Amino acid sequence: MSTHAPDFLQALMQISWEATWRGLELHYGAVTWAFLLDLLTDYGIYLVSALGLFVLFVAGQYSLGHAGLVGIGAYATGVLAVKLGIPFWPSLPLSGLAGMLAGFLYCYLLAFRLSGFYLAIGTFAFGEALITFWLNSGFFGGALGFPKIPLASNWFTVAIVLAVVLLFLWRLQQSRFWLEFQAIRESPLVASAMGIDVRRTKMLAWGIGGFLTGLGGNLLAHRITILAPADFSINLTLVLLLGVLLGGLRTFWGTVAGGAFVYFMPWLTTTDEPRSRLMFYGLTIIALMIVRPGGLLPPGAPKARTAADLEKLAARERPALSGNEPTRPSQTY
Amino acid sequence: MYLPHLVEQLFIGISTGAIYAIVAIGFNLVFGTMNVLNLAHGATMMLGSYGLLLAYYLGLDNFWLAAVAGIGLAIITGLTIERVAVRPLRGHWWNTKVATLGVGLFLENLVALITAGFPKNVPRPFNPTYHELFAGIEISDVQVMLILISISVMLGMVAFLRRTPAGKAIRVLAQSPDLARSVGINVDRVTLIGFGVSGMLAGVAGILNAMTYGSTYPFVGVTLGLKGIVVLIVAGIGNMRGCLYVGLALGIAETMAIGLGGSHYRDLIAYLSMVLILLVRPHGLFGEEGRVEREV
């Protein structure tokens, strides 16, 4: 019996692989490298915004108005590119700054005053208000959209931006700020008792999250070339949120994985109706929340330090002995 | 713009606001008592209206019986949500939120898949006729019925919470789950009952909404559910009467804005006023402090 099991598994894998491939071919014609590269580029753009949301979530800033921030980055890009004629690379940090300023605004207006559930609902309302503003504003093109943004995001530019963002997050994760973010998420009260300036840390989280999201908005605007207010509705927030929640809050790699799941799964499971893929999302979320309530990579307790670890740490910090120091009792940890 | 027109808008506003209030009370029942924000509430409303349609489709040719069938479907949905997405995750407020969101996504897209996603006509118990009250002010009998049904639902809820054992148990649970457990209340069962009643309210709201517009579609619960959350937050969590006042006020404000020519900004009113009120009173107009912080 057991000898058959690998054969069976192999057959199953081959069948599912072939079915997936055939399904892709049926829907998108021949699957070419260009198509896969396009898919990866879209995923990269999505990921930059999702990582912005991830930073906010690590700091306990439950933002449901995140699509509004993406929209601010994208509309800022539109104004920069079309009305002012600024090319892609210079507009990138500028739209990041626009996102950062919007993040500060969210923080000052909402995050300083509300927390937890109320913050989520408040940011959601803020995002919806932004959509209504864009919808009725002639300067931003209203419901007709903001057209004629040059096509500038391709796999190359997105890869460069994403690499820089990931490098930045990797450094950030090793810094003191990351611990401060986690501290104000777990308990603002305890954090402030430990000497952490909660308001400043919140401001920092919103600034970083807003900057990354603004970058994502810029890449998006340069990719889809026409902006419509409805693109930045709660649906976009939900897709970003799913990537972050599926990934868990331990490291940004969780968001990278969760985002890949959210982004690629629909392409692999697409049948004739897009409805069925949203249904599939729903089922997956329920199952995941029951099986792994903290996401794929849940935030764990800090790594426990054993006595041996501390000994090693102390040895590293202790200056080398020259042999003629006065003797003192050996320290125990 | 003349005065009778505005008074008619007022009537429409009251009937719209009554629906908002019922939706908010449904949210309130499970959020105020069990600390679960049921984001599948909108989908439950939608299923209520589709249950009515299903009853017609299966050959039941009486509006009121079909409405009862729709409400029954909504109750079953509420109970199922509790068993599938809330009970396995008890205590994790953020996780139940995400899981119920998943249930909502699943149900809405399932119905969209089955019905091809088009809006469907919903039969009315009778065709609306307009009666002139005075000075050229007209009101339709459907509006009168909507307002009457809403008021009786509110009174029924108050009676349920104040007089019946289950309602009293729900109120104890709202005060303190530990206390409820220690005086011998079966918390699991009471939670289930709470979700059932909340599902019933969702079904009523869904059917009233379908009657108002004469049609329903799979994503009808999204906007309506969001308005319900706005009303809940502005009123303050755990306060039924506040939900009634704020729901009516929101309905009237929205229809007045449309009547005065600002239909573009209809949704902005709800969201912006909510942000402003939250900034001034972080626990809502009628809310008490320290309610949500307990779990969050």
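Hydrogens, waters and symmetry mates are skipped; everything else that's a heavy atom, side chains included, is used. So you know, we letter chains A, B, ... as the sequences are listed, proteins then strands, and number each from 1. All figures in this text were calculated on a predicted structure; none of them were measured in a lab.
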query = Got a sec: does the CZ of B:Arg87 have more than 12 other heavy atoms crowding it under 6.0 Å?
reply = yes
message = So which atom in A:Ala125 and which in B:Val275 form the shortest heavy-atom distance, rounded to 0.1 Å?
response = CB-CG2, 3.7 Å
task = Heavy-atom distances under 4.5 Å only: say whether B:Leu226 touches chain A with side chain, backbone, both or neither.
result = side chain
inquiry  = Counting neighbours of CZ on B:Arg241 that are heavy atoms of other residues, nucleotides or ligands and sit closer than 6.0 Å, is the number greater than 12?
reply    = no
request  = Sort out for me which of B:Val84, B:Leu272, B:Val230, B:Val98 touches chain A most, counting heavy-atom pairs under 4.5 Å.
outcome  = B:Val98
remark   = Output for pair (A:Phe124 CZ, B:Met274 CE), nearest 0.5 Å, gives 7.0 Å
inquiry  = So if I take each residue of residues 129-140 of chain A and look for any heavy atom under 4.5 Å from a heavy atom in chain B, which residues do I end up with?
reply    = A:Ala129, A:Thr132, A:Asn136
task = To the nearest 0.5 Å, tell me how far A:Ile121 CD1 sits from B:Ile229 CD1.
result = 5.0 Å
query = In terms of heavy-atom proximity below 4.5 Å to chain B, should A:Ile234 be classed as side chain, backbone, both, or neither?
reply = neither
Atom group of A:Leu114 that falls short of 4.5 Å from chain B, counting heavy atoms = side chain
ask   = Among B:Ala99, B:Ala85, B:Gly104, which has the most heavy-atom pairs under 4.5 Å with chain A?
value = B:Ala99
note = Residues B:Leu89 and A:Ile290: closest non-hydrogen pair is CD2-CA, 3.9 Å
message = Let me confirm one number: the CD-OG1 distance from A:Glu128 to B:Thr223, rounded to the nearest 0.5 Å.
response = 9.5 Å
task = Measure the CG-CG distance between B:Leu101 and A:Leu241 for me, rounded to the nearest 0.5 Å.
result = 7.5 Å
note = Interatomic distance, CG@A:Leu110 vs CG@B:Leu278, rounded to 0.5 Å, equals 8.5 Å
Under 4.5 Å from any heavy atom of chain B - which part of A:Ala287 = neither
message = Filter on side-chain hydrogen bond (donor to acceptor under 3.5 Å, both in side chains), then keep only pairs touching residues 100-112 of chain A, sequence neighbours left out; what's left?
response = none
inquiry  = Please give me the minimum heavy-atom distance between B:Leu279 and A:Leu109, naming the atom from each residue.
reply    = CD2-O, 3.0 Å
request  = Hey, could you give me the CG/CG distance between A:Leu283 and B:Leu105, rounded to the nearest 0.5 Å?
outcome  = 10.0 Å
